[in-house]
*Asks:* 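Sharing a structure with you now.
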Amino acid sequence: MNKIEHIGIAVKNLEAANSVYKILLNSNPYKEEYVESEGVTTSFFKIGDSKIELLEANSPESPIAKFIDKRGEGIHHIAFKVDDIRAEIDRLEGEGFVVLNREPKAGADNKWVAFLHPKSSNGVLVELCEERKE
Ligand code: ZN
């Protein structure tokens, strides 16, 4: 693990949340992106070396819609940057963590991503992400 890559925040309305975070962070999102694999639209803000990802569900079946139904808006996941996502998946699975997708998925912001079940990390959904090299 290198660093916290970003913090993901589940929001009901991306437009409205963008307006709030523009004022809060005093900057504009640098990217807005539809992520098919998760059924979400995301926007990314950069503050120094850190990033905030806002996520809005595109359908009621999206994991983000289910999260908001259960827990309301708020912090959804913490993403850690890794150099070799497959090696990290193997390492963490070997340590007893529950990996939700063993096969890395194409995530937002040009990343390969895999998630760890919150039950194995004290209630926090963990995202591993590796930069995609084309
Ligand atoms: Zn994320």
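Owing to the predicted nature of the structure, the values given are computational and were not obtained by experimental measurement.
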*Asks:* Taking all non-hydrogen atoms of both residues, which atom of Val126 and which atom of Ser121 are closest, and how far apart?
*Replies:*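 Val126 and Ser121 have their closest heavy atoms at CG2-OG, 3.7 Å.
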*Asks:* To the nearest 0.5 Å, tell me how far Trp112 CH2 sits from Lys133 NZ.
*Replies:*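 Those atoms lie 11.0 Å apart.
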*Asks:* For the side chain of Lys111 and the backbone of Asp109, is there at least one donor-acceptor N/O pair under 3.5 Å apart?
*Replies:*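 Yes.
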*Asks:* Which distance, rounded to the nearest 0.5 Å, do you find between the CZ of Phe115 and the CG of Leu128?
*Replies:*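 One gets 9.0 Å once the value is rounded to the nearest 0.5 Å.
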*Asks:* May I ask whether Phe44 and Val20 are part of the same hydrophobic cluster, defined by side-chain heavy atoms of I, L, V, M, F, W, Y residues being less than 4.5 angstrom apart, directly or through others?
*Replies:*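 No, because Phe44 and Val20 fall into different hydrophobic clusters, even though each may have its own neighbours under 4.5 Å.
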*Asks:* Would you call Glu5 and Lys51 a salt bridge, using N to O less than 4.0 angstrom?
*Replies:*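 Salt bridge between Glu5 and Lys51, a charged N being under 4.0 Å from a carboxylate O: yes.
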*Asks:* Roughly how far apart are Glu103 CD and Ile85 CD1, rounded to 0.5 Å?
*Replies:*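 These two atoms lie 10.0 Å from each other.
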*Asks:* Taking the side chain as everything from C-beta on, heavy atoms only, tell me whether Val98 gets closer than 4.5 Å to Lys119.
*Replies:*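 Heavy-atom side-chain distance check passes, below 4.5 Å.
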*Asks:* Out of curiosity, does Ile78 fall in the hydrophobic cluster containing Leu100 (side-chain heavy atoms, cut-off under 4.5 Å, transitive links)?
*Replies:*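 No, Leu100 does not connect to Ile78 through the hydrophobic network.
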*Asks:* Might you point out which heavy atoms bring Cys129 and Ala79 nearest each other, and give the distance in Å?
*Replies:*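 That closest heavy-atom pairing would be SG-CB, 4.2 Å.
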*Asks:* Taking the side chain as C-beta and beyond, is there a heavy-atom pair between Pro104 and Arg86 under 4.5 Å?
*Replies:*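 Yes, at least one pair of side-chain atoms sits under 4.5 Å.
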*Asks:* Taking NZ, NE, NH1 and NH2 as the nitrogens, is one of them in Glu38 or Lys105 under 4.0 Å from a carboxylate oxygen of the other?
*Replies:*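 Answer for the salt bridge query: yes.
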*Asks:* Check the side chains of Tyr21 and Asn28 for a donor-acceptor pair under 3.5 angstrom, ignoring hydrogens and angles.
*Replies:*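 Result is no, nothing qualifies.
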*Asks:* Against His76, only a single residue in Ile9, Val124, Ile68, Ile64 fulfils side-chain contact (heavy atoms from CB on, under 4.5 Å); can you say which?
*Replies:*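 That would be Ile64; it is the only one of Ile9, Val124, Ile68, Ile64 passing the side-chain contact (heavy atoms from CB on, under 4.5 Å) with His76.
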*Asks:* Decide whether Leu54 and Val35 are clustered together by the hydrophobic rule: side chain heavy atoms of Ile, Leu, Val, Met, Phe, Trp, Tyr closer than 4.5 Å, transitively.
*Replies:*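 No, separate clusters.
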*Asks:* Quick one, Asn2 and Asp83 - any side-chain contact, counting heavy atoms below 4.5 Å?
*Replies:*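 In short, these two side chains touch, coming nearer than 4.5 Å.
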*Asks:* Considering all heavy atoms of both residues, which atom of Gly96 and which atom of Ser120 are nearest to each other, and what is their separation?
*Replies:*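 Looking at all heavy atoms of both residues, the shortest contact is O-CB, 4.4 Å.
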*Asks:* On a heavy-atom basis, which atom in Phe67 and which in Ala10 lie closest, and how many Å separate them?
*Replies:*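 Smallest heavy-atom distance, with atoms named: CD2-CB, 3.7 Å.
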*Asks:* Within the supplied structure, the quantity of interest is the number of heavy atoms (other residues, nucleotides, ligands) at a distance under 6.0 Å from Asp69 CG; does it exceed 12?
*Replies:*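 Buried by this count: over 12 neighbours within 6.0 Å.
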*Asks:* Please name the pair of heavy atoms, one in Met1 and one in Leu92, separated by the smallest distance, quoted to 0.1 Å.
*Replies:*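 Of all heavy-atom pairs spanning Met1 and Leu92, the closest is CE-CD1, 3.9 Å.
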*Asks:* Any chance you could lay out the side chain to side chain contact (heavy atoms under 4.5 Å, CB included) test for Lys31 and Glu53, step after step, and finish with the verdict?
*Replies:* CA-CA 10 Å; Lys31 177 184 271 195; Glu53 174 185 33; over 6 Å; no
*Asks:* Please report the interatomic distance CG(Asp84) to CZ(Arg91), rounded to the nearest 0.5 Å.
*Replies:*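 The distance works out to 11.5 Å.
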*Asks:* For the atom pair CD1 (Ile89) and CD (Glu130), what is the distance rounded to the nearest 0.5 Å?
*Replies:*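 These two atoms lie 9.0 Å from each other.
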*Asks:* With distance as the sole test, does Asn18 use its side chain to make a donor-acceptor pair with the main-chain N or O of Ser43 at under 3.5 Å?
*Replies:*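 No, the answer is negative, given that no donor and acceptor are paired below the 3.5 Å cut-off.
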*Asks:* For the residue pair Val82 and Glu88, what are the closest heavy atoms and their distance?
*Replies:*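 Minimum heavy-atom separation between Val82 and Glu88: CG1-CG, 3.6 Å.
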*Asks:* With hydrophobic residues grouped by side-chain heavy-atom distances under 4.5 Å, do Ile4 and Ile75 end up in a single group?
*Replies:*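 Ile4 and Ile75: one cluster.
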*Asks:* Find out if a path of hydrophobic residues (ILVMFWY) with successive side-chain heavy-atom gaps under 4.5 Å connects Phe80 to Ile47.
*Replies:*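 In one cluster: yes.
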*Asks:* Classify the angle between the aromatic ring planes of His77 and His6 as parallel (below 30°), tilted (30 to 60°) or perpendicular (above 60°).
*Replies:*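 Rings of His77 and His6: perpendicular, as their planes differ by over 60°.
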*Asks:* Counting only heavy atoms from other residues, nucleotides and ligands, does the tally under 6.0 Å from CG of Asp49 exceed 12?
*Replies:*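 Count not over threshold, so no.
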*Asks:* Hey, does Leu125 have a side-chain heavy atom less than 4.5 Å from the side chain of Leu116?
*Replies:*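 A side-chain contact under 4.5 Å is absent here.
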*Asks:* Could you tell me whether the side chain of Thr42 and the main chain of Glu33 form a donor-acceptor pair under 3.5 Å?
*Replies:*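 Checked: pair present.
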*Asks:* I'd like to know if Arg102 and Glu93 make a salt bridge, using a cut-off of under 4.0 Å between side-chain N and carboxylate O.
*Replies:*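 Salt bridge between Arg102 and Glu93, a charged N being under 4.0 Å from a carboxylate O: yes.
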*Asks:* Does NZ in Lys12 sit with more than 12 non-hydrogen atoms of other residues, nucleotides or ligands closer than 6.0 Å?
*Replies:*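 Counting neighbours around NZ of Lys12, 12 or fewer heavy atoms of other residues, nucleotides or ligands fall under 6.0 Å, so no.
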*Asks:* Flag yes if more than 12 heavy atoms outside Lys3 fall under 6.0 Å of its NZ atom; otherwise flag no.
*Replies:*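 Check passes, neighbour count above 12.
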*Asks:* With side chain to side chain contact (heavy atoms under 4.5 Å, CB included) as the test, would you mind laying out the steps for His117 and Phe97 before giving the verdict?
*Replies:* CA-CA 8 Å; His117 195 286; Phe97 288 87; over 6 Å; no
